[in-house]
Amino acid sequence: MLQVHEIRDNKEEFITALAKRGLDAKAVLEKVLAADEVRRNTQAKLDETLAQANTLSKEIGMLFKSGATDKANALKEKSSTLKENSKQLQDQLNAAVSRLEELLYTLPNIPHSSVPAGTDETDNEEVFTEGTIPELQKDALPHWELAKKYALIDFELGVKITGAGFPVYKGKGARLQRALIAYFLDKNTSAGYTEYQVPHLVNEASGFGTGQLPDKEGQMYHITADDLYLIPTAEVPVTNMFRGDLLMHNELPIRCTGYTPCFRREAGSYGAHVRGLNRLHQFDKVEIVRIEHPDNSYAALDGMVEHVKQILRELELPYRILKLCGGDLGFTSALTYDFEVFSTAQDRWLEISSVSNFETFQANRLKLRFKDTDGSNKLVHTLNGSALALPRVLAGILENYQTPEGIRIPEVLVPYCGFDMIS
RNA sequence: GGAGGAAUGGCAGAGUGGUCGAAUGCGGCAGUCUUGAAAACUGUUGAGGGUCACACCUCCGGGGGUUCGAAUCCCUCUUCCUCCGCCA
């Protein structure tokens, strides 16, 4: 959520910046400022009334003490009138605040100055690429065929017990999943991230805190009986651990990692691009989250990018990094780098990680602040990224490491798997 | 599931109707001392709104009520603790 006083001070800059997202925000921003004006005026009136009531109460107290009961009782009547007034004003104020908040909820984050303009993924900027795309044998298979051939994943079984998009991993497929999770967590913890195991269901307040609610309500599974949501990413529970906190400057930075399954409804997605592991309702992901001093957040973002690079290097997968353009940038993000691994058998790039700096956008909703060295309280910057999302990494490994003899296991994973070949 | 108890500033923890936005300790910040650091000592320090700055307003788990006046009394919800029962 954007901060009203920032909008007040930087209206023109915000309009320009939001235009990068293809958004004409002028009208909304003006509505925000108008609503804020109403809020402040109402607040001032209410404060005035309450101040009078407070003074009166003190007078009445004094009068009672000095024994002037008649005078005191006379003042009581006046006080009850003030009380009625203040109640009305309070209602008006509440209404003004919700109007303002509703408007603010519709506004996405301000893109960082380096974000390229653009309307969709074709305008994303490739900033880095590494690894060699392997030469596969003639009859190379896509991962869903390989998964079947080597009995690693059973999609039909998942359909039977739940529905499409809920695969069953078995045998060496299940073991490879577990190996990847353990490997990722080890990489993250040795890079200074503290490992967490968090709930997979969150309440409404958490959904609001990280920005999934109210605008992406339909993308989460909602357990209506208990009003809880299945997490679409570990970002939600992990970041919300700090909701409402006031941290000390020397507690920063905070670095967390956690493995969770992720649940996404992905309503309306069909076709070839969702085959196999490409797009699922339930998948596994290891996430990294950082809470940073505003001065350090972009250095931290670079650090996260380097960290993910290192992992992909070790896995020896061909990948590229995209800087997302304004039109493709997530609602809450100021700057996002997407990592894509090349799926050789499908001849296309698959997104496996998304690393973002949210600046104060989430922190403002979370009311997550820190006390700076000068004693002032400020919003922190929050960042997160996948390190990494499992299914497409698995797809990449299966496809790129296939040989006529079977699927080789990347060297770094062999100790975790206990085997070096799937055949 | 049954019976009790509790929720206060970044943290710990006093405070039972007006002078309480709230003692004290820790932590933070500034300083003294020190080559420097630590220790010790001194001062300072709750949050949000509002204002050019003051004033002023709100906030003692959430919501509601009693009262001229509520951290304090009542109702309700949530969470935690103790004891009993059940249980992976």
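Letters A, B, ... mirror the listed sequences (proteins, then strands); counts begin at 1.
- In the set B/A47, B/C68, B/C57, the nucleotide with an atom closest to the side chain of A/Ala51 is B/C57.
- The distance from atom CZ of A/Phe370 to atom P of B/C29 is 13 Å, rounded to the nearest whole Å.
- Closest to the A/Asp47 side chain, of the nucleotides B/G27, B/A47, B/C56, is B/C56.
- Of the two residues near RNA chain B, A/Glu251 and A/Leu56, the one whose nearest nucleotide lies more 5' is A/Glu251.
- With distances taken from any side-chain atom of A/Leu246 to the nucleotides B/U58, B/C68, B/G10, the minimum falls on B/G10.
- Annotation: A/Glu411, atom CD; neighbour count of heavy atoms from other residues, nucleotides and ligands within 6.0 Å does not exceed 12.
- For B/U82, the paired base is B/A3 (Watson-Crick or G-U wobble, both distances below 3.5 Å).
- Ranking B/C68, B/G10, B/C57 by closeness to the A/Leu50 side chain, first place goes to B/C57.
- Remark: B/A14 base-pairs with no nucleotide in the shown strands. Criterion, Watson-Crick or G-U wobble with two distances under 3.5 Å.
- The side chain of A/Lys87 has B/G65 as its nearest neighbour among B/C57, B/G65, B/G28.
- Side chain of A/Ser57, nearest nucleotide from B/G48, B/G28, B/C68: B/C68.
- You'll find the side chain of A/Arg369 stays beyond 4.5 Å of the side chain of A/Val380, heavy atoms only.
- Comparing B/C29, B/U58, B/A47 against the side chain of A/His249 picks out B/C29 as the nearest.
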Notebook entry, point to check: Are A/His307 and A/Tyr193 close enough, and set up right, to give a ring-ring contact (aromatic ring centres under 6.0 Å, His included), and what steps lead you there?
Noted result: CA-CA 11 Å; A/His307 178 65; A/Tyr193 295 86; 5.7 Å; yes
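- In this entry the distance linking CG of A/Asn203 with C1' of B/U78 reads 11 Å, nearest Å.
- Classification of the A/Tyr319-A/Phe128 ring pair by plane angle, with boundaries at 30° and 60°, yields tilted.
- Atoms CE (A/Met248) and P (B/C26) sit 15 Å apart, rounded to a whole Å.
- Listed nucleotides: B/U58, B/G69, B/G50. Nearest to the side chain of A/Arg40: B/G50.
- The separation between A/Asp374 atom CG and B/U44 atom C1' is 15 Å, rounded to whole Å.
- Between A/Glu48 and A/Ile60, the residue anchored nearer the 5' end of RNA chain B, judged by the nucleotide with its closest heavy atom, is A/Glu48.
- With contacts defined as side-chain heavy-atom distances shorter than 4.5 Å, the pair A/Thr55/A/Gln52 does not qualify.
- Within 4.0 Å of A/Lys58, counting heavy atoms only, lies no atom of the nucleic acid at all.
- Nucleotide B/A37 has no partner under the Watson-Crick or G-U criteria, as no pair reaches both atom distances under 3.5 Å.
- Listed nucleotides: B/C57, B/G10, B/G50. Nearest to the side chain of A/Arg8: B/G50.
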